[in-house]
There are 2 protein chains.
Amino acid sequence: MHEDAAEEPPAMPAIAEQHDWIDRFEGLSRLEPRIRDVLSTRSQVIRVPANTVIFGPGKSPDNMLLLLDGTVRVQQLAENGREVVLYRVTAGESCVLTTACMLAYEDYAAEGVAETDIVAAAIPRAVFDDLVSSSKEFRNFVFRAYSRRITDLFHVIEDIAFRRMDIRLAQKIIERADTGVLRATHAQLAAELGTAREVISRQLAEFQRRGWIAQGRGTVEILDCDGLRKLAES
Amino acid sequence: MHEDAAEEPPAMPAIAEQHDWIDRFEGLSRLEPRIRDVLSTRSQVIRVPANTVIFGPGKSPDNMLLLLDGTVRVQQLAENGREVVLYRVTAGESCVLTTACMLAYEDYAAEGVAETDIVAAAIPRAVFDDLVSSSKEFRNFVFRAYSRRITDLFHVIEDIAFRRMDIRLAQKIIERADTGVLRATHAQLAAELGTAREVISRQLAEFQRRGWIAQGRGTVEILDCDGLRKLAES
DNA sequence: ACCCGTTGTGTGACTAGGTCACTGATTGGC
DNA sequence: GCCAATCAGTGACCTAGTCACACAACGGGT
């Protein structure tokens, strides 16, 4: 059993099992060799099934997660049952709020939910602390991740406070309908944008009337992307 | 000369000039002696006049600020000219978004404005990095500050998305009228809450009609705090 | 194949909040 | 004492959110 196997894996089976997942993170590729080693030996690749609540009010995790595959939806919950999606963490990103939960003992009104099955590298709290203290590259990675999330939050605030619903909905549809068809109920879109179901129903009816979309039960099909885009960019 | 003197300072001249400002920060009091020294010798106490823009779009500072005196208002600006106040940094707190700006090269849609004359300890970027890497206490301080701000942002989002204007306005009035009189124009309150001036005017008219407040040009006087509070807590 | 509970959507009436286009009042210089 | 700037009040109108429904589609059972 030679040590090199870990460094240069051949053929590539399930990527997540390899130690080279580190390079899939923008900002970690130039990590110091010693640090890279700590990271790969002292973190653990875990799998989480879809719809698991990863963190939430009263449930702070004790690992920092680096997402290797899948997406995590982070959303704000209100007492009256309404929600807004704050942002999504996708493969190659880290879930910094987890870190904040871990390190800062404050409770959050937000929760993170696995939107798909997930593969992630879990970094225990102590290791995280070690890495932050010993690697400038890792520090930059962490702070940049924070910065990105905070920027996302700013966008959410700006959207909710100042932008019209029709514009926001059009954007959302374009953004989340990669194949031209979006699978989501009106209720889900409402939760996404932090509004009420009826509002979505009415807006979609209007979009349909204009020939921009076609609707099915639980689906929205884009017919005229330019029409939507023109609205979204106004 | 007994050691206790340091714990219970007498008379107190201009506080900011002393090196013991560190103890005014919750979370820095148990800093390792060596670190404490680095912090006091390599940071610089600065003064900034009221209404200075400390950071903003296209203006990222190269120091991390620990506020010794005064308050900084951090607000989001929209193209159409409307604003929302995100949070305030008060004496004894740090302005972490500054850190994020410093370290992460993303531009923010938010700006920080000195709301009063300000005294702050400025920590140069390089020193900040050094401190984060060498002191666990300082790391905790930084991450806790992040966590607090993120929590604040969550509150703002929840407020804007899900709470009624009258309730939010009542809260704001109570919160910012320490002496029973609040100096602010309707336009300022509107910017505070991210709404339009007319909305504030109408709500205040209603509060006045109910006998909760009296209005003057640029002032709101609380007459019946319980009335306001009952609304604010509903 | 039919029944039935569950889930998703449509609608009208109403309230709250935001926009627009004004008016008039107050204030601080000059 | 006049004038420009600032601050506040108002009505008409539009968008968004709430409430109370009706109804349609779907997915198991039996």
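Naming convention: chains lettered A, B, ... in sequence-line order (proteins, then strands); numbering from 1 in each chain.
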| task | May I have the distance from B:Arg197 (atom CZ) to C:dA21 (atom P), rounded to whole angstrom? | result | 14 Å

| field | Between C1' of C:dG18 and CZ of A:Phe162, the distance in whole Å | value | 12 Å

| message | What is the distance, to the nearest angstrom, from the CG atom on B:Leu169 to the C1' atom on C:dA16? | response | 14 Å

| request: State whether B:Glu206 and B:Arg210 are salt-bridged, where the test is any N-O pair (Lys NZ or Arg NE/NH1/NH2 against Asp/Glu carboxylate O) under 4.0 Å. | output: yes

| task | Just call it for A:Arg82: base, sugar-phosphate, or nothing, with non-hydrogen atoms closer than 4.0 Å on any strand. | result | sugar-phosphate

| task | Round to the nearest Å and state the distance from B:Glu206 atom CD to C:dA16 atom C1'. | result | 13 Å

| query | Do A:Arg82 and B:Glu158 sit within salt-bridge range, that is, some charged N less than 4.0 Å from a carboxylate O? | reply | no

| field | Gap separating the CG atom of B:Leu231 from the CZ atom of B:Phe207, nearest 0.5 angstrom | value | 5.0 Å

| query | What distance do A:Leu86 atom CG and A:Glu192 atom CD have between them, rounded to the nearest 0.5 Å? | reply | 10.5 Å

| Rounding to a whole Å, what distance do you find between B:Leu193:CG and C:dA16:P? | 18 Å

| query | Contact class for B:Arg164 vs. all strands (heavy atom < 4.0 Å): base, sugar-phosphate, or nothing? | reply | sugar-phosphate

| field | Along DNA chain D (nearest heavy atom to each residue), the more 5'-positioned of A:Arg217 and A:Met165 | value | A:Met165

| field | Where chain A begins and ends its contact with DNA chain D, read 5' to 3' at 4.0 Å from heavy atoms | value | D:dT15 to D:dC26

| message | Rounded to whole Å, how long is the line connecting atom CD1 of B:Ile167 with atom P of C:dT15? | response | 17 Å

| said: Over all strands shown, is B:Arg202 touching base, sugar-phosphate only, or nothing at heavy-atom distances under 4.0 angstrom? | reply: base

| Interatomic distance, A:Gln208 CD vs C:dT9 P [rounded to whole Å] | 12 Å

| task | Let me know the distance between CZ of A:Phe207 and C1' of C:dG10, rounded to the nearest Å. | result | 17 Å

| query | Counting N and O atoms only, with roles assigned by atom type, does the side chain of A:Asn63 sit under 3.5 Å from a partner on the main chain of A:Leu65, one being a donor and the other an acceptor? | reply | no

| message | Applying side chain to side chain donor-acceptor pair (under 3.5 Å) to B:Gln75 and B:Glu111, what does each step give before you reach the verdict? | response | CA-CA 6 Å; B:Gln75 59 201 358; B:Glu111 67 171 19; 3.0 Å; yes

| query | Which residue lies toward the 5' end of DNA chain D, A:Glu198 or A:Asp166, if each is placed at its nearest nucleotide? | reply | A:Asp166

| query | What nucleotide, of C:dG10, C:dT26, C:dT19, holds the atom closest to the side chain of A:Ser201? | reply | C:dG10

| request: Would you mind telling me which residue lines up with the more 5' stretch of DNA chain C, B:Arg168 or A:Thr219, judged by nearest nucleotide? | output: A:Thr219

| message | Between B:Gln203 and C:dG17, is there a contact of a side-chain N or O with OP1 or OP2 at under 4.0 Å? | response | yes

| task | Please say which of B:Gln215, B:Arg197, B:Glu198 ends up in a side chain to side chain donor-acceptor pair (under 3.5 Å) with B:His186. | result | B:Gln215

